[in-house]
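Everything below concerns the one structure shown next.
Throughout, numbering of the chain's residues begins at 1 and tracks the sequence.
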Amino acid sequence: MFATSHLFSVAVLLGVASSVVGFTVPSLSTTQKRFNSRSVASLHVLPESQSLLDDATTNLLISAFQKKDPETAKAEFFFFLGAGSGAGGIGLSQVPRIYKELSDIRALEGEGPSEGGKAIDSGLASLIYPTIFEADVVKVLKSVPSCEQISKQGTSTSYLASKGYIAREDFIGALKAKKCNPLAACALFDAVSGGSSAIISPVTVEEKLAAYQSATNPVATVTGDLQACTTVKLAAYAGLAFLLSIVFGLIIVNGIDAFL
């Protein structure tokens, strides 16, 4: 029972981290629409609840890594080796996808036409994205087709894409057809999506593009969202790595206590 509680906590956290890596974080405007005033008022209890959850998780992790007698450690080792490897496998399955996503972004450097000129101040986003030029972002913003057109011309075969959602490859492909820079198109998609999702609602696309185009400094607004989505991505990657280390750390620590 003791081992079960540890694994359940880690598996839940790992599942949350995998979800963050694989799906979109809702925008503030979208979230606000989903809550009425009574729901918003009830959120004031969250800090206290979060503190209790953090304390409980910390205590579980401390007790899980404490030295145990060989018999207890052996039982927990085999339990974590079987069940824990499954939870770890879920997290590890995200690694090739993350690597491919980052590699695909870096591969866009130097691809397609570019207006050149001054580069955007991408800040933290430079850890993921190569140099992006302001003029390329401006051209992309002016050239984005309607969501209906992107969807109609798209080649994505996913279910959501068939229902009018906008896939990353379709978004970039539509702008490449208009002789826009692919890297700037990719960066704009990520800024619109908020970070992790490869397919987004056409409503989100239209709302974000309208906000960019009406902004005093559209490039700075896009850059700010790109930096924010990079923060989300990096935090998700770090969280996933941390939770994987916990899962496999439990196996190793209990193995040492059991057999050495």
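A donor-acceptor pair is defined here as one N or O able to donate and one able to accept, closer than 3.5 Å; no such pair exists between the side chain of Ser122 and the backbone of Ala125. Panel note: side chain Glu101, backbone Pro96; no donor-acceptor pair is recorded below 3.5 Å. No side-chain donor-acceptor contact under 3.5 Å links Ser151 to the backbone of Cys147.
Looking at Asp190 and Tyr129, their side chains come closer than 4.5 Å, going by heavy atoms from C-beta outward. Residues Val205 and Ile150 form no side-chain contact, since every pair of their non-hydrogen atoms from C-beta on lies 4.5 Å or further apart. Phe171 has its side chain within reach of Leu188: a pair of non-hydrogen atoms, C-beta onward, lies under 4.5 Å apart. With a 4.5 Å cut-off on side-chain heavy atoms, Lys208 and Asp225 count as touching. With a 4.5 Å cut-off on side-chain heavy atoms, Cys186 and Ile105 count as touching. Contact annotation: the side chain of Arg168 never approaches that of Ile199 to less than 4.5 Å [non-hydrogen atoms, C-beta and beyond]. With contacts defined as side-chain heavy-atom distances shorter than 4.5 Å, the pair Ile120/Val219 qualifies. With contacts defined as side-chain heavy-atom distances shorter than 4.5 Å, the pair Leu175/Phe189 does not qualify.
Remark: Ser143 OG to Asp136 CG distance equals 10.5 Å, nearest 0.5 Å.
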